[in-house]
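Take a look at the structure set out below.
Along the sequence shown, residues carry numbers from 1.
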Amino acid sequence: MKVSRVAAVAGLLASVLVTASLLPAAGSPAPAAGANSADRPLRALAGRQLLIGTAVDYAAFTSDATYRARVGSEFSSITAENVMKWEVVEPERGHLDFSAADDLLAAARRNGQHVRGHTLVWHNQLPAWLTQGVDSGEIDAAELRGILRQHITDEVRHFRGRIYQWDVANEVIDDNGQLRDTVWLRELGPSYLADVFRWAHQADPKAKLFLNDYNVEGVNAKSDAYLALVKSLLAQGVPVQGFGAQGHFGVQFGFTTASDVAANFARFEALGLETAVTEADVRMIMPADTVKLQAQAQGYSVLLQGCLLARRCNSFTVWGFTDRYSWVPGFFDGEGAANLLDENFAAKPAYSELQAILTLARG
């Protein structure tokens with residue numbers, strides 16, 4: 001990473017957030033929808049200093065031409081929002097279906113984009129045959145370990161050479177800083193974490209292998225627990241190579257600071273890991289208004305500036321880019337408007353904020 005990138009953002013932080021100077025004061029008229037958008041796509045502004053990515057909703061990608069075009073023009077990296085998850089790729093035991101994910105990878109190649117793999121091991125969105133088999137006792141611990149190894153081997157080998165970063169283990173520590181109580185921990189014990197990284201590395205030695213979680217953007221008890229986990233895995237010779245902070249923020253909860261994000265990432269980078277912001281969005285209690293949209297811009301600003309200040313943060317991914325297809329309203333009652341563009345694909349203040357930061361960071 002060029003020193004000029006870090007120096008440029010450090011200078012920015014030494015004064016004030018870009019948000020404070022670019023956005024109108026509370027109660028002032030909002031900027032015109034869509035201003036400063038298509039003429040300066042984020043991937044062009046980022047250049048080679050940083051991969052700018054989005055999660056892609058496959059149904060929207062195949063049915064909405066505007067959405068599909070914006071995915072290709074705006075971003076240099078994509079993540080499959082759901083179609084690489086286990087319940088999709090192996091809905092029936094032994095019957096693999098990578099067709100949707102293959103479609104996305106083919107589109108990424110046409111668009112000159114990189115692809116993040118998401119996710120190999122998680123406690124959610126598992127196929128019913130797996131969870132029901134474990135619950136009934138039909139699948140015991142020894143068989144489960146073999147099934148997990150086969151899943152990782154099959155999926156990583158299928159995409160070998162086409163994925164630059166894999167979220168290997170997703171959300172494995174709880175909010176109390178303990179290993180999350182999941183089917184994997186209960187049945188296989190904590191050693192499953194070392195196993196899954198080794199299996200993934202065997203299947204694709206060139207892909208960078210990540211831990212990934214939420215509420216770990218800054219220095220706190222949960223990120224401390226991840227730091228200890230990484231040190232333990234590295235001491236065992238486990239090929240853990242990256243740490244991803246999801247970046248799911250809520251306006252109503254406030255934000256950490258960019259310097260805190262950078263300081264947190266620096267701890268993992270000192271151990272030799274790459275870092276990334278992997279799932280950024282900033283939701284709010286509806287309805288949206290000018291003040292909330294300004295605050296949202298600050299949340300995105302914190303995450304991007306924190307990444308740019310870190311020396312090995314090489315990708316910044318938003319978890320969807322338009323409110324039209326956001327996951328947030330379906331999971332957080334009364335909340336929404338979490339993305340950079342509104343439901344009509346018009347740019348919000350957060351989008352302009354990212355444009356400004358990327359422009360300054362180019363030096």
Side-chain angles (χ1 to χ4, degrees), residues 1-13 17-19 22 34-56 67-79 104 107-116 118 163-165 208 210 217 242-247 249 258 261-262 265 269 274-282 296-322 339-341 345 347-363:
M1 179 178 299
K2 295 181 180 179
V3 175
S4 60
R5 182 185 101 169
V6 177
V9 182
L12 180 67
L13 283 175
L17 287 173
V18 177
T19 310
L22 290 183
N36 302 318
S37 56
D39 58 326
R40 295 194 300 158
L42 298 177
R43 68 183 291 177
L45 291 173
R48 295 184 178 182
Q49 65 183 322
L50 184 69
L51 290 171
I52 298 291
T54 185
V56 177
Y67 178 91
R68 184 167 58 251
R70 200 64 181 263
V71 168
S73 65
E74 196 73 55
F75 302 100
S76 52
S77 171
I78 64 169
T79 303
L104 288 183
R109 183 174 182 178
R110 292 193 299 270
N111 292 326
Q113 295 167 316
H114 293 73
V115 181
R116 295 194 83 253
H118 180 81
I163 302 291
Y164 76 101
Q165 295 174 348
K208 297 297 184 181
F210 273 63
E217 294 74 24
F243 176 72
Q246 292 179 6
F249 282 174
V261 173
F265 280 3
E269 293 167 355
E274 294 182 2
T275 56
V277 175
T278 57
E279 305 183 20
D281 55 26
V282 184
Q296 178 182 66
Q298 182 184 2
Y300 275 104
S301 176
V302 163
L303 292 168
L304 180 56
Q305 290 189 51
C307 178
L308 288 168
L309 282 167
R311 296 189 177 272
R312 301 196 70 194
C313 183
N314 298 322
S315 67
F316 178 91
T317 298
V318 294
W319 206 244
F321 62 93
T322 170
N339 301 116
L340 298 173
L341 309 183
F345 297 97
K348 290 157 53 173
Y351 181 89
S352 299
E353 176 77 358
L354 298 193
Q355 287 182 312
I357 294 169
L358 291 171
T359 299
L360 285 173
R362 293 177 69 165

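Here the closest non-hydrogen pair linking Leu42 and Phe75 is CD1-CE2, 4.4 Å. The two atoms that bring Leu50 and Leu358 nearest to each other are CD2-CD2, 4.4 Å, heavy atoms only. Closest approach of Lys348 and Leu341 over heavy atoms only: CD-C, 3.6 Å. Residue Asn339 comes nearest to Gly320 through the heavy atom pair ND2-O, 2.9 Å, listed as atom of the first residue, atom of the second, then distance. Contact record, Gln296 with Ala350: OE1-CB, 4.2 Å, taken as the closest heavy-atom pair. For the pair Asn111 and Gly72, the tightest heavy-atom approach, listed with the atom from each and the gap, is ND2-CA, 3.6 Å.
Here the side chains of His114 and Tyr164 are in contact, with some heavy-atom distance below 4.5 Å. Here the side chains of Thr278 and His118 are not in contact, with every heavy-atom distance at 4.5 Å or above. A 4.5 Å side-chain heavy-atom check between Tyr351 and Tyr300 finds every atom pair outside the cut-off. With contacts defined as side-chain heavy-atom distances shorter than 4.5 Å, the pair Glu353/Leu304 does not qualify. The shortest side-chain heavy-atom distance between Arg70 and Thr322 does not fall under the 4.5 Å cut-off.
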Next item on the list: For side-chain contact (heavy atoms from CB on, under 4.5 Å), just list the numbers for Val71 and Gln113, CA-CA rounded to whole Å, side-chain angles, deciding distance to a tenth of an Å, and then say yes or no.
Entry: CA-CA 10 Å; Val71 168; Gln113 295 167 316; 4.3 Å; yes
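Taking CD from Gln305 and CD1 from Ile357, the interatomic distance works out to 4.5 Å, rounded to the nearest 0.5 Å. Distance check, rounded to the nearest 0.5 Å: CD of Glu217 to CZ of Phe249 gives 4.5 Å. Between Leu303 atom CG and Cys313 atom SG the span is 9.5 Å, to the nearest 0.5 Å.
Geometric assessment of Arg43 against the ring of Phe321 yields a negative cation-pi assignment under the 6.0 Å and 45° thresholds.
Taking the side chain to side chain donor-acceptor pair (under 3.5 Å) definition, one finds that Ser315 meets it with Gln165, sequence neighbours left out. Ala262 is linked by a side chain to side chain contact (heavy atoms under 4.5 Å, CB included) to Leu309, counting only residues two or more places apart in sequence or in another chain. For Arg48, there are no side chain to side chain contact (heavy atoms under 4.5 Å, CB included) partners at least two apart in sequence or on another chain. Scored by the side chain to side chain donor-acceptor pair (under 3.5 Å) test, Glu269 finds Thr275 as partners (sequence neighbours excluded). Take Thr359 and apply the side chain to side chain contact (heavy atoms under 4.5 Å, CB included) test, not counting sequence neighbours, and it matches Arg40, Leu45. The side chain to side chain donor-acceptor pair (under 3.5 Å) search around Thr79 returns none, not counting sequence neighbours.
Judged by distance alone, the side chain of Ser301 and the main-chain N or O of Ala297 form no donor-acceptor pair under 3.5 Å.
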